[in-house]
Every structure is written in C-alpha cells, then in structure tokens.
Amino acid sequence: MKSRAWLREWAPAGLPAAAAAVFSTITYFFPGVHASYGMQAGLAAGIGWRITAGDTLYTEIWENKGPLYYLINALGVSINYWHGIWVLEFAALVGSALVMYRLARMALTPWLAGVAATAALASLAGTLMVGNLVEEWAMPFLAVSVWATFKTTLDQGGHPVRRGVALGLAIGALLAMRPNLAAFACVAALGVAWYLVKRGTWRPLWLLSGSAIVSCCALLGALAIWLASQGALAACLESAYFDVVHWDYSLAERLANAGVMLSGLRPGGGLVILALFLAGAAALVIRRVNYAWAGRDPRPVRLMAPQRYLVMVTAVGLVANLAANLISGNPDPNYMMTFVPLLAWPAAWLMTKCIRALEARLKPRPVAARLVTAAMAVVLAATAATPALGKGSPSLWGATDHNSRVRDLAAFMRRETSPEARVALVELPETAHYVAQRRPATVRFYRPMPPFEESFKREWNDGIAQDLLDGGATLIIFDSPDLAESWLDNAISPEIGERLRAMLAGDYFLVPNERGWAAYKRR
C-alpha cells in the first residue's frame with residue numbers, strides 16, 4: 001500500500017521532469033544548434049574551458065558574473081568537452097522541475113501540480129532552449145530556497161536544521177553566481193524568521209537561521225579561499241560584486257523595461273504565469289457571482305496565518321527580485337526564468353481558488369476538474385510551440401544563421417592557426433573560441449564595444465587594444481575591413497590606435513577569406 005501511495009504522489013512529477021529533460025536535450029542535440037551557444041552561454045563555456053586549461057578567473061580571463069557559474073561550466077567541460085555541460089544542465093533542470101512540483105503540491109492535487117509545473121517550464125521554452133545561462137543554473141537553487149522557507153512556515157518549523165542547510169547553500173550558491181539572484185531568497189528567509197519570532201518558536205528559529213548562516217558562509221568561504229589562493233579575490237569582488245550597476249538608466253526607463261519584461265511581449269515572457277494569476281482573480285469574481293445567485297452576500301476570503309505571511313513574503317520578494325534583476329537596466333527575457341520557481345506556490349494557491357469556484361457552478365465535480373486540466377493542456381501546448389515558431393526569438397529556428405557563422409569562423413581559426421595559438425575576435429561571436437578550441441588573445445573575453453565616445457566604452461576598448469599590443473595574438477579577426485578602420489580610428493585612444501595600426505602593418509598580413517573578414521595573421 002505504501003508503494004502505491006508513493007506512486008500516486010510522485011507519478012505526476014514525471015510531467016515537468018520530462019519537459020525539463022526534453023528542453024535540455026534539444027538544446028544540445030538538435031541539428032544546427034549543437035555547440036554554438038549565444039553570446040553569454042558561449043562565453044561561460046569558453047571560460048570554463050580556460051579554467052580547466054589553467055587560466056585564472058578574473059585576472060587572466062575577465063568576466064562579470066560570480067565564480068560558481070564558471071566553475072559549473074569548468075566541471076562540465078571536465079566531464080566531456082562537448083556534452084559535459086549538458087549533463088549538468090540536464091540534472092539541474094530536472095531537479096528544478098521536481099522541486100517546483102513539490103511547491104505546487106503545497107496547494108494542488110498531484111496531477112494538477114504536475115501539469116502546472118510543466119506549464120511553467122513550457123512558458124520559458126524559447127529561453128531555456130538557448131541553454132547554459134546563469135538564470136537557468138539559478139533555477140534549482142531558487143526553487144530550493146522557496147521550498148525551505150515556505151515549508152518551514154507551513155510546518156511551523158519542522159526539520160529546521162535540514163531546511164536551514166538547504167536554504168543557506170541555496171542563498172550561497174545564488175550569491176556566488178550573480179548576487180542579485182539572491183534577492184527573493186533573502187526576503188523569504190527574513191519573512192519566515194519574522195513569522196517564527198511572532199509565533200515565539202525560538203528553537204526552530206535559532207536552528208534554522210544558525211544552520212543557514214553556517215552553510216552559506218562555508219560555501220562562500222570555500223570559494224573565497226580558492227580565489228585568494230590564485231590572487232583573484234580582489235578582482236572578483238570588483239568585477240562581479242562592486243561594479244555591476246549601470247547608472248546610465250533613469251528610473252522611468254527602468255520602470256518601462258520592467259513592464260516590457262513582465263508583459264511577456266519579449267520572447268521568454270512568462271505568459272502562463274500571468275494567465276494563472278488572472279485565473280485566480282477570476283476565481284474571486286466567480287465566487288461572488290455564485291453567492292449572488294444563491295441570494296447571499298459573499299463571505300470575506302480569509303487566509304490562515306501561515307498563508308497570510310507567505311502571500312506577504314511573495315509580494316515583497318517579487319518586487320525585490322524584479323528590482324534586483326533590473327539593476328543592469330535591460331529587460332532581458334532570460335530574467336523571467338528567475339520568476340518561475342518563485343511563483344510556483346502562489347500560482348498553485350490561486351488555481352485552487354479558481355478550481356473550487358468552478359466546481360461550485362459545474363456539476364458533477366469531475367467535469368470541472370477535467371475542463372480545467374484540458375484548458376491547461378491547451379495553454380501548455382500553445383506556450384511550448386510559440387517561442388520556437390516566433391520570428392527573431394532566441395529559439396532553435398532563430399539560431400541557425402548564428403550557428404552557421406560560428407562554425408565557419410571556428411573552421412577558419414583552426415585552419416589558420418595551431419592549437420596553442422591566441423586569437424582575437426572583434427565584433428564576431430566569441431563562442432568560436434570554444435568551438436575552435438583556440439585561446440582568446442585578450443583578458444577581456446567579451447567583444448569590444450562599438451566605436452562610441454562614452455568614456456567607459458573608450459576605456460574598455462583601450463584595454464582590449466593594449467592586450468593585443470602586449471599579448472602577441474597569432475590571429476586578429478575583424479568582422480569587416482570597414483569595422484577594422486572604424487575601430488582603430490574611433491573606438492580607441494589615438495596614441496594606442498597608432499601603435500596598434502603600426503603593429504598590424506609591420507607584424508601581420510591579411511588572410512583572404514570568403515566571409516569578407518579582415519583577418520590579420522602574424523608573419
């Protein structure tokens with residue numbers, strides 16, 4: 001009997017787990033997509049590869065995300081150069097789906113929880129298929145942090161040490177990947193701590209907070225010791241933690257970008273999540289109509305104390321998460337990934353309100369449940385298909401031209417250089433370094449900034465140019481001869497530009513190619 005009960009409870013979890021497995025598998029093995037990420041994902045894979053080759057993060061190879069993101073990529077490359085990252089991504093995404101299922105189970109029946117978690121993943125199908133993004137790696141840790149805090153509240157402190165360790169490790173991992181990813185987890189932890197204080201349950205509070213602090217500090221301390229041993233701790237703190245806010249966006253621009261991101265108008269927008277909340281709002285309207293038809297006034301909707309605190313924590317945490325994700329000022333669709341685990345419980349709770357309201361009108365009960373499940377299946381199918389078919393979306397189909405360009409560039413780099421060569425790419429996909437297995441010739445793995453006059457872009461381009469002067473690149477490839485001239489004339493300081501131009505004229509020669517690149521090879 002116990003085995004049957006376990007099967008009834010966990011069988012529906014196969015829906016979101018299978019969806020996660022499909023998304024992560026398609027990312028790596030669909031024809032034309034394999035090994036040619038977009039910019040950020042390709043950078044992470046390339047940096048992971050350079051870490052395994054002995055380069056020091058933040059000093060010998062620069063980036064502005066936390067160290068754990070690149071260590072995950074390094075571990076994946078160590079497992080297998082082409083598919084190791086996918087092995088870890090597969091496990092992380094399936095784990096996220098299972099934890100989101102458990103979150104939804106706090107308010108829904110098993111099969112509805114399975115469908116709801118699957119729909120949430122499907123709403124992000126186009127973004128997930130890009131693969132290897134920091135927000136995607138954060139999803140399991142976000143889900144675990146929500147589970148640990150919410151479960152502690154609903155169980156009034158049960159198993160506080162176990163949940164405290166899970167919470168601390170989750171917050172530490174989020175801080176170690178990108179600090180603003182931990183906004184919701186920190187708000188949730190403080191909200192649950194306040195709830196335990198209000199109830200006077202001091203022992204669970206101390207056990208939860210103590211184990212969370214110890215485990216979080218242990219993880220961050222281990223990473224800090226590793227960075228300090230390589231002389232990269234100060235560089236890490238400066239680039240990934242102290243210098244990540246873009247101050248050139250006004251408050252009005254940030255609010256407008258927040259609306260664009262949440263509206264779902266960009267690829268990857270959380271349309272299903274918004275639909276679930278609309279369903280919950282509709283439930284309250286239906287409830288009022290039911291009571292009006294029955295000739296009675298609607299009773300006020302009251303929440304039990306734990307649920308009331310969870311609603312408050314969710315509301316504050318969602319605002320904090322939105323503000324934190326917009327620190328950069330850009331409405332990046334990838335940020336929607338961070339909302340899905342956070343909304344699993346409130347969306348499920350609202351769905352229960354909707355289902356109960358429908359069941360009060362539709363008889364018999366199974367009819368209502370079937371109708372709701374069928375409607376959710378239609379929404380699931382639509383949201384799964386839309387990102388892949390939409391023009392310009394970060395989907396499988398939209399990536400074909402980019403992948404072709406990366407493959408041609410990587411083939412050219414391999415043909416013209418030896419494995420130990422150093423190659424610089426200017427306004428070309430950096431992913432080609434990873435695909436061609438050629439080391440970048442500059443510490444700044446990112447592409448140079450366009451030739452604008454802003455001081456920070458000039459400083460950035462000057463740094464890249466100085467790296468080329470100092471590093472002895474075997475091959476320097478510009479996207480076109482016109483870009484090469486524009487970059488040398490306008491993007492960098494005149495004195496550095498003259499020195500670099502003289503070096504190219506004396507030490508390099510142009511390599512003809514079918515793509516029209518301005519490719520300079522050392523004599």
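Bear in mind that the values here come from a model prediction, so they are computed numbers and not experimental data.
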Verdict with supporting geometry, E63 and Y70, side-chain hydrogen bond (donor to acceptor under 3.5 Å, both in side chains): CA-CA 9 Å; E63 243 286 14; Y70 308 110; 3.0 Å; yes
Derivation and outcome, side-chain hydrogen bond (donor to acceptor under 3.5 Å, both in side chains), residues N80 and W86: CA-CA 9 Å; N80 180 274; W86 169 75; over 6 Å; no
Verify side chain to side chain contact (heavy atoms under 4.5 Å, CB included) between V197 and W202, making sure each step is shown before the conclusion. CA-CA 7 Å; V197 169; W202 297 102; 4.0 Å; yes
Could you check I72 against L88 for side chain to side chain contact (heavy atoms under 4.5 Å, CB included), going step by step and ending with a plain yes or no? CA-CA 8 Å; I72 291 172; L88 299 179; 4.2 Å; yes
Which is it for M337 and L133 under the side chain to side chain contact (heavy atoms under 4.5 Å, CB included) test, yes or no, and what are the steps along the way? CA-CA 10 Å; M337 288 189 199; L133 296 169; 3.9 Å; yes
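L167 and A189 make their closest contact through CD2-CB, 3.9 Å (heavy atoms, listed as atom of the first residue, atom of the second, distance). The heavy-atom pair separating A320 from V187 by the smallest distance is CB-CG2, 3.9 Å. When every heavy atom of A324 is checked against every heavy atom of A183, the shortest pair comes out as CB-CB, 3.7 Å. The minimum heavy-atom distance between A170 and V144, with the atom names listed, is CB-CG1, 4.2 Å. Between L174 and A182 the shortest heavy-atom distance is CB-CB, 3.9 Å. In this structure, Y58 and K65 approach most closely via the heavy-atom pair OH-O, 2.6 Å.
Listed for the Y241 side chain is a donor-acceptor partner under 3.5 Å among the backbone atoms of L175. At distances below 3.5 Å, not a single donor-acceptor pair connects side-chain atoms of T59 with backbone N or O atoms of A232. Side chain of E89 to backbone of I85: no donor-acceptor contact under 3.5 angstrom is found. Using a distance-only test at 3.5 Å, with no hydrogens or angles considered, a donor-acceptor pair links the side chain of T153 to the main chain of T149.
Side-chain contact check for V313 versus V192: every heavy-atom pair is 4.5 Å or farther apart. Put simply, the side chain of L57 does not reach to within 4.5 Å of the side chain of C236, judged on heavy atoms. In this structure, F184 and L322 have side chains that are not in contact, with every pair of non-hydrogen atoms separated by 4.5 Å or more. Considering only heavy atoms from C-beta on, R50 comes within 4.5 Å of P440 through its side chain. By the 4.5 Å heavy-atom criterion applied to side chains, W147 and P341 are not counted as neighbours. A heavy-atom distance below 4.5 Å is found between the side chains of L71 and W226. Inter-residue side-chain proximity for N73 and W49 is flagged as unmet; no heavy-atom pair is nearer than 4.5 Å. Using a 4.5 Å heavy-atom threshold, the side chains of K151 and R163 count as touching.
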Let me check something: any side-chain donor-acceptor pairs from residues 90-101 under 3.5 Å, sequence neighbours excluded? List them with distances.
{"unit_1": "S96", "atom_1": "OG", "unit_2": "A92", "atom_2": "O", "d": "2.9"}
{"unit_1": "Y101", "atom_1": "OH", "unit_2": "E9", "atom_2": "O", "d": "2.3"}

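Of the inter-residue distances, the one linking L169 atom CG with S145 atom OG reads 11.5 Å to the nearest 0.5 angstrom. Between T152 atom OG1 and L208 atom CG the span is 5.0 Å, to the nearest 0.5 Å. Summarising the geometry, atom CD1 belonging to I47 is positioned 12.0 Å from atom OG1 belonging to T52; distances are rounded to the nearest 0.5 Å. With values rounded to the nearest 0.5 angstrom, L233 atom CG is found 10.0 Å from I225 atom CD1. One finds the CG atom of N321 at 7.0 Å from the CG atom of L318 (value rounded to the nearest 0.5 Å). The distance from the CG atom of L142 to the CH2 atom of W137 is 14.5 Å, given to the nearest 0.5 Å.
The six-membered or imidazole ring of W82 lies near that of Y434, with a centre-to-centre distance under 6.0 Å.
A cation-pi contact, defined as under 6.0 Å to the ring centre and within 45° of the axis, is absent between R199 and W194.
Electrostatic pairing of R178 and E135 counts as a salt bridge here, judged by a charged N lying under 4.0 Å from a carboxylate O.
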